[in-house]
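What follows is a single structure, written as structure tokens, with notes after it.
The structure presented is a predicted model; accordingly, all values stated were derived computationally and were not measured.
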Amino acid sequence: MQAPLCITRAFCVALLLMTAACEPVPSPQQTQTAMTVVKESFGTTSNGEAVDLYTLTNANGIEVQAINLGAIITALRTPDKNGQFDDIALGFETLDEYLTSNRPYLGAIVGRYGNRIGKAMFELDGETYSLAANNGPNHLHGGVKGFDKVVWQGEATENGVAFTYVSADGEEGYPGTLMARVTYTLTDQNELIVDYHATTDKATPVNLTQHSYFNLAGAGTSDILGHEVTLNASRFTPVDATMIPTGELRDVTGTPFDFRQLMTIGARIGQDEEQLNFGGGYDHNYVLDGGDDALALAARVHEPTTGRVLEVYTTEPGVQFYTGNFLDGSITGKQGRAYEYRYGFCLETQHFPDSPNKPDFPTTILRPGETYETRTVFTFSVQR
Ligand code: BGC
């Protein structure tokens with residue numbers, strides 16, 4: 001219904017009395033014209049800590065939802081080639097499920113160290129540090145209670161949300177008080193910008209990443225084997241049987257790891273190849289081509305049935321391409337949908353796994369007086 005136009009104040013008041021509305025009433029079809037950030041309660045933890053849900057919506061109707069538990073992205077709604085919106089991020093609808101489910105880092109910020117540290121130990125400046133061995137003999141994603149499980153402090157920004165967490169000296173075995181801040185910014189160019197910032201009062205390894213599981217056909221609707229992937233990487237870091245890099249940077253040429261030309265995830269994932277067998281599929285760090293700190297395209301993923309395209313740009317030297325090989329249907333997520341084998345993929349931009357024990361890998365050590373700053377940008381579009 002078209003709202004009446006107001007000509008003069010008196011006329012407007014008269015009309016207002018008659019129609020009880022003078023501003024144009026937005027119809028449901030009308031697209032939003034400005035970014036909005038809305039904060040609402042998502043519940044309380046058993047310790048009484050408040051968890052809030054932040055909903056960012058851009059002018060094109062793209063919506064990102066995030067909570068301050070684990071700085072988790074709980075939902076990401078983007079249009080397909082017909083303008084149909086769907087949630088493309090795996091996750092849950094309630095806080096209780098995030099607190100009680102065995103959730104393999106769905107949507108969370110992972111830290112203090114994303115991915116594995118071999119034998120859960122490292123040496124730094126002559127001291128040996130022991131971390132929790134929470135993945136066989138190794139340390140994974142920051143330990144038993146990593147950054148994905150703590151309550152961050154959230155603050156709405158003009159077009160996003162900033163989450164801050166102070167990790168105590170000795171937390172999960174890491175040295176130094178680390179002040180970490182992650183911001184999610186949504187733009188009208190359909191970019192989700194993730195900025196990472198950290199400082200420390202003692203030298204410590206830091207490697208923060210975003211662990212969203214995507215399914216561009218819609219979370220929980222299908223496996224991701226038909227997604228078409230391009231990775232801007234000529235090398236990857238092969239692993240041993242416990243998923244720790246051997247130290248080699250291996251050329252992808254002639255291997256099932258070569259995604260420099262567009263390839264479906266499923267085309268070669270079932271090959272009987274040592275590295276694929278170790279990972280149960282793709283679960284490997286790619287060494288991005290480029291090699292400086294400039295923001296550069298790391299990956300492009302296209303889902304042919306919906307036309308959705310995800311691009312990932314990063315300042316990081318690596319990306320962990322993980323194809324949900326450990327999903328097995330035991331988790332039921334949003335809309336009551338079970339997350340079956342390979343129902344999501346992750347593109348975790350990062351420094352390389354086990355860098356604290358690999359002097360030849362780019363360093364992950366942050367020292368007092370230095371600032372950790374990295375940026376990753378996810379862009380959403382369609383290809384018809
Ligand atoms: C790791 C996988 C792990 C997954 C979920 C990925 O980053 O590389 O091995 O299973 O996260 O925990």
Side-chain angles (χ1 to χ4, degrees), residues 70 104-105 108-150 165-180 182 196-211 235-250 275 278-279 283-288 293 314-320 322 348-374:
Y105 308 92
I109 291 294
V110 162
R112 188 178 294 200
Y113 197 95
N115 217 281
R116 293 175 177 80
I117 296 181
K119 306 245 177 338
M121 285 179 89
F122 65 94
E123 212 182 278
L124 177 58
D125 298 338
E127 290 248 8
T128 300
Y129 293 92
S130 287
L131 307 167
N134 60 333
N135 187 250
N138 304 320
H139 177 84
L140 175 67
H141 290 334
V144 176
K145 191 173 180 187
F147 288 9
D148 62 295
K149 295 184 188 70
V150 301
Y165 177 63
V166 179
S167 168
D169 187 6
E171 189 176 292
E172 296 294 318
Y174 290 100
T177 310
L178 187 83
M179 202 289 289
V182 174
Y196 302 85
H197 170 102
T199 53
T200 184
D201 61 3
K202 277 187 201 157
T204 180
V206 187
N207 194 25
L208 304 177
T209 188
Q210 222 300 325
H211 207 301
R235 293 170 299 169
F236 73 110
T237 52
V239 290
D240 66 16
T242 75
M243 298 298 288
I244 296 298
T246 59
E248 180 191 349
L249 307 185
R250 187 176 293 173
Q275 287 299 313
F278 284 157
D283 188 0
H284 293 79
N285 172 66
Y286 278 80
V287 179
L288 294 170
D293 292 342
T314 190
T315 60
E316 289 279 22
V319 65
Q320 185 83 11
Y322 171 56
E348 303 153 62
T349 54
Q350 60 183 8
H351 271 56
F352 308 164
D354 201 32
S355 297
N357 294 311
K358 296 284 187 305
D360 292 342
F361 285 178
T363 185
T364 51
I365 304 302
L366 181 70
R367 295 184 179 277
E370 295 174 348
T371 306
Y372 175 99
E373 300 273 5
T374 73

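Side-chain atoms of Asn135 never come within 3.5 Å of backbone atoms of Asn138 as a donor-acceptor pair (strictly under, hydrogens ignored). Looking at Tyr196, its side chain never comes within 3.5 Å of a backbone N or O of Ala180 through a donor-acceptor pair. At least one donor-acceptor pair under 3.5 Å links the side chain of Thr204 to the backbone N or O of Pro175. A side-chain donor-acceptor contact under 3.5 Å links Tyr372 to the backbone of Leu208.
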Run the side-chain donor-acceptor check on residues 139-148: report pairs under 3.5 Å with partners two or more places apart or on a different chain.
{"from": "His139", "atom 1": "ND1", "to": "Ala132", "atom 2": "O", "distance (Å)": "2.8"}
{"from": "His139", "atom 1": "NE2", "to": "Gly143", "atom 2": "N", "distance (Å)": "3.4"}
{"from": "His139", "atom 1": "NE2", "to": "Tyr174", "atom 2": "OH", "distance (Å)": "2.7"}
{"from": "His141", "atom 1": "ND1", "to": "Asn115", "atom 2": "N", "distance (Å)": "2.8"}
{"from": "His141", "atom 1": "NE2", "to": "His211", "atom 2": "NE2", "distance (Å)": "3.4"}

Exercise for review: Please report the C-alpha distance between Asp283 and Met243 in whole Å, then the side-chain angles of each, then the deciding distance to 0.1 Å, and finally whether the side chain to side chain contact (heavy atoms under 4.5 Å, CB included) criterion is met.
Suggested key: CA-CA 9 Å; Asp283 188 0; Met243 298 298 288; 3.6 Å; yes
Exercise for review: Verify side chain to side chain contact (heavy atoms under 4.5 Å, CB included) between Met121 and Tyr129, making sure each step is shown before the conclusion.
Suggested key: CA-CA 6 Å; Met121 285 179 89; Tyr129 293 92; over 6 Å; no
**Study point:** Stepwise side-chain hydrogen bond (donor to acceptor under 3.5 Å, both in side chains) check, His284 with Gln275
**Key:** CA-CA 9 Å; His284 293 79; Gln275 287 299 313; 3.1 Å; yes
Practice item. Starting from the C-alpha separation in whole Å, work towards a yes-or-no answer on side-chain hydrogen bond (donor to acceptor under 3.5 Å, both in side chains) for Gln320 and Gln350. Key: CA-CA 7 Å; Gln320 185 83 11; Gln350 60 183 8; 3.0 Å; yes
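At least one side-chain heavy atom of Tyr113 sits less than 4.5 Å from a side-chain heavy atom of Pro356. Residues Leu249 and Phe352 form a side-chain contact, since some pair of their non-hydrogen atoms from C-beta on lies under 4.5 Å apart. In this structure, Arg112 and Pro205 have side chains that are not in contact, with every pair of non-hydrogen atoms separated by 4.5 Å or more. At least one side-chain heavy atom of His197 sits less than 4.5 Å from a side-chain heavy atom of Met179. Side chains of Thr242 and Pro137 form a contact here, defined as non-hydrogen atoms less than 4.5 Å apart. Side-chain contact between Val206 and Leu178 is present, with heavy atoms from C-beta onward closer than 4.5 Å. Looking at heavy atoms from C-beta onward, Ile117 lies in side-chain contact with Asn357 at the 4.5 angstrom threshold. Annotation: side chain of Thr177 is in contact with side chain of Val166 (closest heavy-atom distance under 4.5 Å).
A donor-acceptor contact closer than 3.5 angstrom is absent between the side chains of Thr315 and Asp293.
Taking the six-membered ring where the residue is Trp, Phe236 and Tyr286 present tilted rings, their angle falling between 30° and 60°.
Take Asp125 and apply the salt bridge (Lys or Arg N to Asp or Glu O under 4.0 Å) test, not counting sequence neighbours, and it matches Arg367. Every residue two or more places apart in sequence or in another chain that forms a salt bridge (Lys or Arg N to Asp or Glu O under 4.0 Å) with Asp169 is listed here: Lys202. Residues meeting the side chain to side chain donor-acceptor pair (under 3.5 Å) test with Glu171, sequence neighbours left out: Tyr165, Ser167. Listed by chain and residue number, nothing satisfies the salt bridge (Lys or Arg N to Asp or Glu O under 4.0 Å) test with Lys149 (two or more places apart in sequence, or in another chain). Lys358 is linked by a salt bridge (Lys or Arg N to Asp or Glu O under 4.0 Å) to Asp354, counting only residues two or more places apart in sequence or in another chain.
The shortest non-hydrogen separation linking Ile365 to Ala203 is CG2-CB, 4.2 Å. Closest approach of Thr209 to Gly114, counting heavy atoms only: CG2-CA, 4.4 Å.
To the nearest 0.5 Å, atoms OG1 (Thr314) and CD (Gln210) are separated by 12.0 Å. Atoms CG and OG1, from Leu288 and Thr349 in turn, are 9.0 Å apart once rounded to the nearest 0.5 Å.
Between Thr237 and the options Thr246, Ile244, Val287, a side-chain contact (heavy atoms from CB on, under 4.5 Å) holds for only Val287.
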